[in-house]
Amino acid sequence: MSKTLSHLDWLEAEAIHIMREVAGQCSNPALLFSGGKDSVCLLRLAEKAFRPGRFPFPLVHIDTGHNYKEVTDFRDKRAAELGERLIVRSVEDSMKRGTVVLKSPLEPRNKHQSVTLLETIAEFEFDCCIGGARRDEEKARAKERIFSFRDEFGQWDPKNQRPELWDLYNARAFKGENIRAFPISNWTELDVWQYIEREGLELPSIYFAHQRPIVVKNGLLQPITDVTPLKDGEVAETMTVRFRTVGDITCTAPVESGASSIRQIIEETAATTVTERGQTRLDDQTSEASMEQRKKEGYF
Amino acid sequence: MGANEIQDHGVLRFLTCGSVDDGKSTLIGRLLFDTKTILVDTLNAIERTSKKRGMEAVDLSLLTDGLQAEREQGITIDVAYRYYSTGTRKYIIADAPGHEQYTRNMVTAASTANLAVILIDARKGMLTQTRRHSYLANLVGIPHLLVAINKMDLVDYDQATYEKIKADYLAFAAQIGLKDVRFIPMSALNGDMIVDRGEKLDWYDGPTLLEILEAAPCAHGENGGDRDERFRFPVQFVCRPQDSANPELHDYRGFMGRVSSGIIAKGDAITVLPSGATSKVKDIQIYGQSLPEAHADQSVTILLEDEVDISRGDMIVRSDAQPTTTKQIDAMLCWLSETPLDKARKYVVRHTSRESKAILSGIEYRLDINSLEKQSADKLAVNDIAKVSIKLAQPLAVDPYTENRATGAFIVIDESTNNTVGAGMILQAN
């Protein structure tokens with residue numbers, strides 16, 4: 001007689017199945033690991049999918065050069081603990097090569113990650129990249145497949161996606177093309193936090209309440225850092241904040257919060273009134289369709 | 001497990017089908033809104049858009065408009081997935097558009113759903129598309145249908161109208177052999193009988209939509225839910241960590257996969273298909289933990305007593321309940337590609353974790369999805385559904401789709417484009 005799997009057990013089993021399909025169908029995959037909470041879950045899922053063996057893929061991070069040190073240190077530590085290979089490629093290298101040209105020196109580099117990611121895919125001839133994107137994050141993602149096909153320019157064509165039925169995934173791609181596989185597509189932000197709690201996963205410290213100099217702009221909290229300095233006329237104040245999502249410093253805002261444990265974060269998340277991206281991603285606000293636009297251009 | 005998981009009733013995946021005017025987007029918007037899934041910034045965005053389009057009230061249907069092209073054209077062009085949770089259960093809604101590419105989209109959305117909500121406009125009653133949606137839901141093996149008779153506010157919440165539509169539907173349901181059908185009157189616009197009962201439908205004493213969803217069996221529920229009880233385990237990956245420094249792992253051979261159906265316990269006698277090799281289960285593991293048994297939907301690693309040659313694409317089953325191993329199948333095939341089926345060409349069939357070259361040689365009939373008439377056909381175009389016979393280069397271990405969705409389903413891949421061009425449901429092995 002079968003038992004009912006709890007929702008976390010079900011989501012975990014589905015994600016493990018997806019990772020094993022990548023390993024079974026693709027000859028040279030990679031797992032994108034940033035040190036952020038979603039990719040921390042991916043690492044635990046990979047452990048559950050492949051231990052006692054090694055991961056059948058390296059970990060890859062595309063570093064914008066504008067990441068919090070707490071996060072990149074955590075990234076390196078976690079990869080070392082797991083004994084898995086970590087490949088880091090930097091947007092700044094693409095700038096040196098001239099493939100990324102900035103309009104202004106301190107502009108957000110999130111969109112430039114696409115260029116470096118595609119260069120990294122070409123360098124290592126990866127045929128599939130496993131990523132931690134979720135369908136609840138943004139409108140365009142709600143329609144993206146779990147195995148999402150990208151052409152040789154890394155472009156996603158939302159109107160011409162492969163049908164995806166049952167759990168029969170099609171990871172086929174010709175040379176130069178690429179598959180992005182999203183094992184936690186069906187997870188919500190709350191599922192992620194509940195999983196982190198259940199599994200006792202470690203996170204970079206900036207996910208928890210800490211004090212930091214902040215300028216409030218248009219309702220969003222802008223941290224004061226080397227790459228986001230105080231401008232004339234602005235006044236910084238010290239606030240107690242935490243990050244709901246960690247990305248490029250120039251476009252990731254923290255939220256005011258005293259939550260210092262996973263449990264407190266879960267309680268806040270369950271009671272929150274603003275979406276993760278709406279509250280914290282400065283780059284998604286530009287236009288209603290900005291994520292879709294970036295994905296078409298090869299963004300992760 | 002934490003105290004917050006005591007009442008966890010797992011995941012229910014359901015599908016909503018209806019046409020542009022049936023109020024499907026409004027229904028989903030209402031479910032998300034009334035379960036407090038919609039957050040303030042999202043609501044602000046749709047308020048702005050509603051105003052921009054000159055509407056007075058907030059248009060909840062805007063919540064499910066996804067892509068830029070759809071927003072521009074005011075249509076829905078692809079299956080979208082939505083999420084909400086009630087505290088006791090997590091829900092995944094597959095939102096299938098009703099008009100364009102309806103067959104392809106509906107079959108896709110239905111393939112992972114365990115319940116379908118079929119919307120009927122109370123003013124219009126049963127339409128051709130109601131029959132079409134019901135037939136497809138049944139074809140793809142959704143065990144539970146919920147007929148939502150919507151827009152009751154526009155017929156003055158009239159009980160006789162509701163009863164008439166219900167009687168019409170039941171007559172049709174008997175005709176095509178639908179088993180578990182339930183009915184509910186509602187107004188998605190006003191929120192009557194979705195999450196709250198409202199005040200206008202006092203004559204209806206059944207459960208609200210959300211109450212039905214909360215109580216619906218999920219595929220992986222108690223007693224196997226709606227699932228075949230026979231153990232099926234397609235092998236996805238073989239773990240051989242020989243290079244490990246740990247000498248205990250030198251002979252480790254773990255067969256990794258997800259239990260498609262049924263249950264397996266340590267000591268059970270198993271058979272490997274298609275080879276027919278036999279052994280016994282030595283251990284079931286996940287992440288260093290040894291489990292006494294594994295059941296449907298769990299992703300595990302199985303170790304066997306004997307050294308058996310097993311690779312990806314093989315299936316481990318219990319020796320006392322085996323599927324049919326065959327190189328010739330009959331199936332209902334839904335064609336998904338703009339490029340028509342070419343009977344002379346070879347395609348690839350992917351079934352569980354196995355692939356085989358295939359020739360889709362015989363089209364017995366094509367089904368007219370509106371009249372449900374069987375027509376003779378020589379080729380298949382996009383959105384066509386047909387009964388076909390298929391010759392396979394490699395043997396597959398199959399069950400009829402009506403008995404087991406996991407081992408009865410397959411997709412067809414065109415190797416010249418790598419696209420998924422067909423979805424099949426096995427009727428029988430020949």
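Residue numbering restarts at 1 for every chain, and letters A, B, ... go by the order of the sequence lines.
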Segment of [X] engaging chain A (4.5 angstrom heavy-atom cut-off):
| X | answer |
| --- | --- |
| B:R354 | neither |
| B:S337 | neither |
| B:R312 | side chain |
| B:T352 | backbone |
| B:E355 | side chain |
| B:I92 | side chain |

Does the cation-pi check pass for A:R20 over B:F237, that is, NZ or CZ under 6.0 Å from the six-membered ring centre and within 45° of its axis?
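Not satisfied by the 6.0 Å and 45° rule.
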
Please confirm whether B:R258 makes a cation-pi placement over A:W10, using NZ or CZ under 6.0 Å from the six-membered ring centre and within 45° of the ring normal.
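Verdict for A:W10: a cation-pi partner in B:R258.
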
Which of [options] touches chain B most, by non-hydrogen pairs under 4.5 Å:
| options | result |
| --- | --- |
| A:I16, A:L168, A:D167 | A:L168 |
| A:P56, A:A15, A:G53, A:G24 | A:G24 |
| A:Q25, A:R51, A:E12 | A:Q25 |

Check B:N383, B:V412, B:V107 against B:C334 for a side-chain contact (heavy atoms from CB on, under 4.5 Å) and give me the one that passes.
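Going through B:N383, B:V412, B:V107 one by one, the side-chain contact (heavy atoms from CB on, under 4.5 Å) with B:C334 is satisfied by B:V107 alone.
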
Max heavy-atom pair count under 4.5 Å with chain A, selected residue of B:S353, B:G288, B:G257
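When all of B:S353, B:G288, B:G257 are compared, B:G257 has the most.
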
Top residue by heavy-atom pair count (under 4.5 Å) with chain A, among B:V140, B:T417, B:T301?
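Most pairs with chain A among the choices: B:T417.
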
Minimum side-chain heavy-atom gap B:V421-B:L336 below 4.5 Å
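B:V421 vs B:L336: side chains apart.
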
May I ask you to test the A:E137-A:E189 pair for a side-chain heavy-atom distance under 4.5 Å?
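Side-chain contact under 4.5 Å: no.
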
Hey, can you tell me if B:F231 and B:F233 have their rings parallel, tilted or perpendicular (30° and 60° cut-offs)?
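The rings of B:F231 and B:F233 lie parallel, inter-plane angle below 30°.
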
With side-chain hydrogen bond (donor to acceptor under 3.5 Å, both in side chains) as the test, would you mind laying out the steps for A:R135 and A:N186 before giving the verdict?
CA-CA 6 Å; A:R135 284 178 179 149; A:N186 285 325; 3.0 Å; yes

Can you say whether [X] sits under 4.5 Å from chain B via the side chain, the backbone, both, or neither, judging by heavy atoms?
| X | value |
| --- | --- |
| A:E164 | backbone |
| A:L11 | side chain |
| A:F149 | neither |

With salt bridge (charged side-chain N to carboxylate O under 4.0 Å, His left out) as the criterion, how do A:R242 and A:E256 come out once you've worked through the C-alpha distance, each side chain's angles and the decisive distance to 0.1 Å?
CA-CA 7 Å; A:R242 67 175 171 88; A:E256 197 166 11; over 6 Å; no

Kindly compute the distance separating CH2 (B:W335) from CZ (B:R104), expressed to the nearest 0.5 Å.
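That separation rounds to 12.0 Å.
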
